[in-house]
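Please read the structure below before turning to the comments.
We count residues from 1, following the sequence as given. Both counts, for ligands and for their atoms, begin at 1 and track the order of listing.
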Amino acid sequence: MSNSSALVPISLGEPVPTGLLIGGRWSESPGGLTFDVENPATGESLATIADGDLEDAAAALDAAVEAQASWGRTPPRVRSEILRRAFELVTERSDWFAEIMTLEMGKPLPDARGEVAYAAEFLRWFSEEAVRISGDHGTTGDGANRIIVTREPVGPCVLITPWNFPLAMGTRKIAPAVAAGCTMVLKPAAQTPLTSLALAATMQEAGLPPGVLNVVTTTKADAVVERWMTDGRARKISFTGSTQVGRLLLRRAADTVMRASMELGGNAPLIVCADADLDVAVQGALAAKMRNMGEACTAANRIYVHRSLASVFSAQLATAMSQLRVGNGLDDGVAVGPLIDSAGREKVQRLVDDARDRGAQVLTGGVVPEGRGYFYPPTVLTDVSTDSAMMSEEIFGPVAPVVPFDDEDEVVRIANDTEWGLVGYVFTTNLDRAFDLSERLEVGMVGLNTGIVSNPAAPFGGVKQSGIGREGGRVGIEEFLEYKYIALPRRPGPKS
Ligand code: NAP
């Protein structure tokens, strides 16, 4: 990590940069401003990093624009091998990345290692896609012209990532952009910038040329991103975060007609049918709820269980959830780390109190523990009223609300009665019912008898207000490619 401008003052084994990455150089913000990154398990400051301003934003975009022409013409194999090398480096440094994520985001180390493997896989997947970009060839209907269709990089991209999966949300955008030949300006979440800085340093080491990936850490997200979006030279925005901010960015994208990919919030229904395998359903619900302490867009937010199974399902889920150890994610045996901040925890408590006021029973959890850190216990609520606030808001915490249902048509109607449509989960042992419910749910992804859908080989994304576009899978690279059609008249060749 020879380009690091400064070291994070904690023992990570390797230094982590704390500056801005612009045009291949690490630097402090010329304005000298900095901000602190907090450890949510302790409330202590982990590091002080550069707080980029509008000048830095402009310099980063200048660097991306300058690098675009040559980077866009780089042989696909070169781009592929940079990504492959990055995959190897991230994998070799799994413990390092995992520790950084646990420190700044809170997730337990085993989960963080899982995220490293998931994140690294996007680098490998898109290293394989970089050399498979192809076009098309045809003839016009009247036979007079040839149609040649080529694919080109979209151009400089604005990438914005959230705090909940700081590494994977980065590689899920950076890897296809690199594969397609796009340059980038990246603004990571202010609460988890260290992971992105470590990734950027690793990408440099893997051979990514100067200016291809520029990173501006900042507390002025709105102003910095607005600077990029109103400039006119950035051609695409790829955003992962809340629907609220996504809407704002879509409105801004209209002004310069930027292409937009939006990975936004969710309100996932999880449906357990009367014929479900109970153990599979409980384990599936546990995974869908507790991944990342419930701080996931894919988290099961509403659990609908057929009335015939509701009480035994709730009891088993409560037993499983109450056995999960809560604590500092660095400690052995911890399965549930802290939430990201006090505001996040207060929101979870507000939603639990509201459900309780409307008649919900608390089977386990539900009380904020004493002491430092933003911990919240795994919580199971039963008999949750459908007008409870948590039925229409992302909980973003380890709280599982169970609602009994009697009729399948009714549960589909309620499941779809939301502005979101990211993912839904269905548990049933009947094949026809499985397909029928999967088809009727208004979502971009369905987990059938599983609580985990995320995979780099699959197209991740939502419908309705959960987003626009897909990340990963064979379509992931499409988001960063444009079509160009070349018309060529069909004339007889010269006679020799
Ligand atoms: P957020 O508040 O929308 O922030 C996401 C990113 O946008 C952060 O980098 C943030 O910067 C930045 N941002 C905030 N306001 C902005 C503005 N006015 N202009 C430009 N950028 C702005 O979301 P979050 O709380 O970090 O993440 C949680 C949300 O992300 C949840 O809704 C979750 O469902 C969603 N999510 C979706 C997916 C998916 O794939 N669909 C995946 C993960 C998360 P600061 O950090 O500086 O505020």
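- Contact analysis leaves Met262 out of contact with ligand 1, as no non-hydrogen atom separation drops below 4.0 angstrom.
- Looking only at heavy atoms of the protein, atom 7 (O) of ligand 1 is closest to Phe239 CE1, 3.2 Å.
- Close approach of ligand 1 to Leu249 is summarised as follows: ligand atoms under 4.0 Å from at least one heavy atom of the residue are 19 (N), 20 (C).
- If you check which protein heavy atom lies closest to atom 27 (O) of ligand 1, you get Pro162 CB, 3.5 Å.
- Remark: side-chain polar atoms of Glu44 are not paired, donor with acceptor, to backbone N or O of Asn39 under 3.5 angstrom.
- To the nearest 0.5 Å, atom CZ of residue Arg151 and atom CZ of residue Arg132 are 15.5 Å apart.
- Among protein heavy atoms, atom 13 (N) of ligand 1 sits closest to Ala221 CB, 3.8 Å.
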Can you list the steps and then say if Arg252 with Asp255 is a salt bridge (Lys or Arg N to Asp or Glu O under 4.0 Å)? CA-CA 6 Å; Arg252 263 186 205 150; Asp255 288 340; over 6 Å; no
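- Atom CG of Leu194 is separated from atom CG of Leu199 by 12.5 Å, given to the nearest 0.5 angstrom.
- Separating the CZ atom in Arg291 from the CD atom in Glu115 is a distance of 8.0 Å, to the nearest 0.5 Å.
- Taking the ring centroids of Phe239 and Trp228, they lie at or beyond the 6.0 Å cut-off.
- Residue contact check: Asp222 has heavy atoms under 4.0 Å from atoms 17 (C), 18 (N), 19 (N) of ligand 1.
- In this structure, Thr219 has no heavy atom closer than 4.0 Å to ligand 1.
- Residue contacts with ligand 1 do not include Phe165, since none of its heavy atoms lies under 4.0 Å from the ligand.
- Residue contact check: Ile160 has heavy atoms under 4.0 Å from atoms 6 (C), 7 (O), 9 (O), 12 (C) of ligand 1.
- Interface atoms of ligand 1 facing Ala190, defined by a heavy-atom separation under 4.0 Å, are 45 (P), 46 (O), 47 (O).
- When each of Val158, Leu250, Leu249 is paired with Met258, the side chain to side chain contact (heavy atoms under 4.5 Å, CB included) condition holds for Val158 and for no other.
- In this comparison of Lys187, Arg470, Glu394, the heavy atom closest to atom 32 (O) of ligand 1 sits on Glu394.
- For ligand 1, the atoms sitting less than 4.0 Å from at least one non-hydrogen atom of Asn164 are 43 (C), 44 (C), numbered in the order shown with element in parentheses.
- What sits closest to atom 23 (O) of ligand 1 on the protein, heavy atoms only, is Ser242 N, 3.4 Å.
- With respect to atom 8 (C) of ligand 1, the closest heavy atom belonging to the protein is Thr161 O, 3.4 Å.
- Residue, atom and distance of the protein heavy atom nearest to atom 39 (C) of ligand 1 are Cys297 SG, 3.2 Å.
- Put simply, the side chain of Ser466 gets close to the backbone of Leu422: a donor and an acceptor are under 3.5 Å apart.
- Taking atom 24 (P) of ligand 1 as the reference point, the nearest protein heavy-atom neighbour is Trp163 NE1, 3.4 Å.
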Show the numbers, then the answer: is there a side-chain hydrogen bond (donor to acceptor under 3.5 Å, both in side chains) between Thr195 and Glu104? CA-CA 8 Å; Thr195 306; Glu104 68 176 356; 2.4 Å; yes
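- Taking all atoms of both residues into account, the shortest heavy-atom contact from Met293 to Pro108 is SD-CD, 3.7 Å.
- Near Gly265, meaning under 4.0 Å from one of its heavy atoms, ligand 1 places the atoms 32 (O), 34 (O).
- The aromatic rings of Phe122 and Phe126 sit parallel, their planes meeting at an angle under 30°, below the 60° perpendicular limit.
- Looking at Glu442, its side chain never comes within 3.5 Å of a backbone N or O of Lys464 through a donor-acceptor pair.
- The distance criterion of under 3.5 Å between nitrogen or oxygen atoms is met by Leu264 with respect to ligand 1.
- At a distance under 4.0 Å, no protein heavy atom can be found next to atom 4 (O) of ligand 1.
- For atom 35 (C) of ligand 1, the closest non-hydrogen atom of the protein is Gly241 O, 3.1 Å.
- Taking CD1 from Ile395 and CG from Asn301, the interatomic distance works out to 4.0 Å, rounded to the nearest 0.5 Å.
- Set against the non-hydrogen atoms of Met169, the atoms of ligand 1 under 4.0 Å away are 42 (C).
- Under a 4.0 Å criterion applied to the non-hydrogen atoms of Val225, ligand 1 contributes the atoms 20 (C), 21 (N).
- Judged by distance alone, the side chain of Glu394 and the main-chain N or O of Cys297 form no donor-acceptor pair under 3.5 Å.
- For atom 48 (O) of ligand 1, the nearest protein heavy atom is 4.0 Å or more away.
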